[in-house]
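To start, the structure under review is shown below, and the notes come after it.
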Protein chains: 2
Amino acid sequence: MLTRTEENYLKAIYKVSEKENGRVNTNAIAAITETSAASVTDMLKRLADKDLILYKKYKGVSLTKSGSKIATDLIRKHRLWEYFLVEKLEFSWVDVHEIAEELEHVPFDSLIDRLDEYLGHPKFDPHGDPIPNAEGKFTIRAQRSLDGFDIGKKGILLGVKEHHKDFLIYLNKLQISLGTELEILEKNNYDGSMMIKIDNNASHLISEKVSKNLLIKS
Amino acid sequence: MLTRTEENYLKAIYKVSEKENGRVNTNAIAAITETSAASVTDMLKRLADKDLILYKKYKGVSLTKSGSKIATDLIRKHRLWEYFLVEKLEFSWVDVHEIAEELEHVPFDSLIDRLDEYLGHPKFDPHGDPIPNAEGKFTIRAQRSLDGFDIGKKGILLGVKEHHKDFLIYLNKLQISLGTELEILEKNNYDGSMMIKIDNNASHLISEKVSKNLLIKS
DNA sequence: TCAAATATTTAGACTAATCTAAAAATATTT
DNA sequence: AAATATTTTTAGATTAGTCTAAATATTTGA
Ligand SMILES: [Mn+2]
Ligand SMILES: [Mn+2]
Ligand SMILES: [Mn+2]
Ligand SMILES: [Mn+2]
């Protein structure tokens with residue numbers, strides 16, 4: 001049995017290695033876990049002792065098979081709980097992440113199996129992120145960020161890249177949520193901003209930063 | 001914010017003081033928390049510093065108002081989660097306690113409020129124990145243990161005193177659950193055992209130890 | 001009542017997880 | 001290829017929570 005802290009480090013390493021493939025460096029882990037590089041080094045030694053990561057001094061780390069499985073299990077639990085919180089307890093997608101950060105550490109395989117069953121085996125969480133199955137496999141689907149499309153493109157919002165509260169609150173204000181249809185009306189080549197129509201209703205100008213974070217069915 | 005360990009000590013103190021009213025002694029806490037008396041003494045000092053208990057060396061402890069509120073909040077969370085696990089996830093009453101021991105420590109008032117709402121504000125958990133409301137008030141109802149009744153008495157099972165797995169598994173085997181009607185057919189004055197009829201079906205001899213643990217509507 | 005038994009606290013040590021400051025290794029520039 | 005900057009590790013300290021063994025206080029009961 002791992003401690004909560006060990007679990008969080010494994011998840012952090014997984015998150016970093018998702019983006020930058022290859023070895024993960026100490027400072028990147030320190031940034032995510034909000035600890036010092038010294039603390040990270042300490043923990044890396046312990047995780048290496050337990051064969052959860054491959055660690056070469058000064059050369060960064062990578063997850064072993066068992067370390068990777070633990071990380072995807074945590075992501076599975078996190079996203080299933082988020083789904084539960086939104087679908088059953090009627091939380092907003094703005095608020096579920098923090099709560100799921102706690103719930104994901106509750107052990108018992110039977111709990112997550114029954115929860116999955118109860119929720120009807122959802123494939124995506126409230127932010128559009130795929131929920132890995134019990135074997136750690138993610139569902140892939142065709143999606144691209146909105147900024148890559150041209151004027152006239154209509155598409156359904158499938159997910160968001162960033163999960164910052166402020167971003168989600170901003171989308172709420174624009175009445176944009178998963179499933180909303182977005183149409184590109186105008187595009188500004190200078191700053192990448194675009195005018196979009198939201199569910200055939202209001203039009204809004206959104207910045208390139210926003211359009212890059214909106215994932216559209218493609 | 002308290003640590004998980006501090007919370008568990010407060011709950012342990014609450015549990016003991018429920019039975020033996022007055023001050024709670026060190027060894028009783030050590031027994032419940034499964035730690036040494038020395039560890040308990042350590043923790044008592046810390047809890048006293050935080051004004052969660054009143055502690056006089058060698059004289060035992062009692063909960064302050066705020067300590068007591070934290071304990072009843074934990075019991076509320078524990079029992080609501082147990083209810084959820086049985087009613088929604090279809091766990092047996094045998095298995096929910098351990099899981100609830102973890103879930104009860106997940107913070108966020110909004111979570112427990114919405115869970116309570118979602119479950120329809122249940123008043124009793126799967127073992128028949130009252131679920132305190134948000135103010136810490138318990139629902140009282142008329143109930144007595146089966147051993148106090150005489151031959152001919154019929155009654156509905158409202159709860160169990162002991163929550164030992166073996167006891168609950170034994171009741172499952174006898175097809176006794178909350179709501180089951182029990183009738184006393186015979187009583188043995190020598191050892192306190194009694195023959196009972198279960199939901200107008202099978203008859204079984206149960207020991208005094210068992211009948212003392214069955215709480216009947218009175 | 002006072003000696004023995006029991007309960008509780010103190011002393012001192014250990015582990016996990018953290019920190020800061022300093023040292024060492026690696027990477028980047030000139 | 002040095003010099004400099006950056007990254008990472010080590011050293012040493014701290015806190016929460018735990019333990020065992022020893023000391024002390026309280027209770028029991030002869
Ligand atoms: Mn999340
Ligand atoms: Mn999510
Ligand atoms: Mn329980
Ligand atoms: Mn219960």
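Residue numbers begin at 1 in each chain, while the letters A, B, ... track the order of the sequences. The shown structure was predicted, so the numbers you read here are calculated from the model rather than taken from an experiment.
Applying the 4.0 Å criterion to OP1 and OP2 of D:dT9, one finds that A:K45 has every side-chain N and O outside that range. Proximity of B:Y55 to the phosphate of C:dT9: a side-chain N or O atom is located under 4.0 Å from OP1 or OP2. The shortest distance between the side-chain N/O atoms of A:N25 and the OP1/OP2 oxygens of D:dT8 is below 4.0 Å.
Between the CG atom of B:L2 and the C1' atom of D:dT15 there is a distance of 16 Å, given to the nearest Å. The CD-P distance, from B:E6 to D:dA16, rounds to 8 Å in whole Å. Per the geometry, CG belonging to A:D49 stands 13 Å off C1' belonging to C:dA16, to the nearest Å. Rounded to whole Å, the distance from CD on A:E7 to P on C:dA16 is 16 Å. Distance A:R4 CZ to D:dG17 C1': 16 Å, rounded to the nearest Å. Between the CG atom of B:L47 and the P atom of C:dT9 there is a distance of 13 Å, rounded to whole Å.
For the residue pair A:N133 and A:H121, no side-chain donor N or O sits within less than 3.5 Å of a side-chain acceptor on the partner. No hydrogens or angles considered: nothing links the side chains of A:W93 and A:D125 as a donor-acceptor pair under 3.5 Å.
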Evaluate ring-ring contact (aromatic ring centres under 6.0 Å, His included) for A:H97 paired with A:H78, printing each intermediate quantity in order. CA-CA 8 Å; A:H97 178 76; A:H78 182 101; 4.7 Å; yes

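The only option from A:R79, A:K123, A:R76 that meets the salt bridge (charged side-chain N to carboxylate O under 4.0 Å, His left out) definition with A:D116 turns out to be A:R76.
Comparing atom distances between the A:N27 side chain and each of D:dT8, D:dT10, C:dA16 picks out D:dT8 as nearest.
The main-chain N or O of A:T64 is never found under 3.5 Å from a side-chain atom of A:S68 such that the two would form a donor-acceptor pair.
Using a 4.0 Å cut-off between charged nitrogen and carboxylate oxygen, B:K209 and B:E162 do not count as a salt-bridge pair. Salt-bridge check for A:K77 with A:E101: failed, with every basic side-chain N at 4.0 Å or more from each acidic carboxylate O. Between A:K69 and A:E135 no salt bridge is recorded (no basic side-chain N to carboxylate O distance below 4.0 Å).
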Under 4.0 Å protein heavy-atom contact, by nucleotide of nucleotides 18-26 of chain C - B base, S sugar-phosphate only: BBB---BSS

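Counting all heavy atoms, side chain and backbone alike, B:L103 lies closest to B:L85 at CD1-CD1, 4.3 Å.
Paired runs in DNA chain C that reach 3 or more consecutive Watson-Crick or G-U pairs, where each pair keeps both distances under 3.5 Å, cover C:1-30 with D:1-30.
Residue A:T41 is classed as a base contact, given a heavy-atom separation below 4.0 Å to a base.
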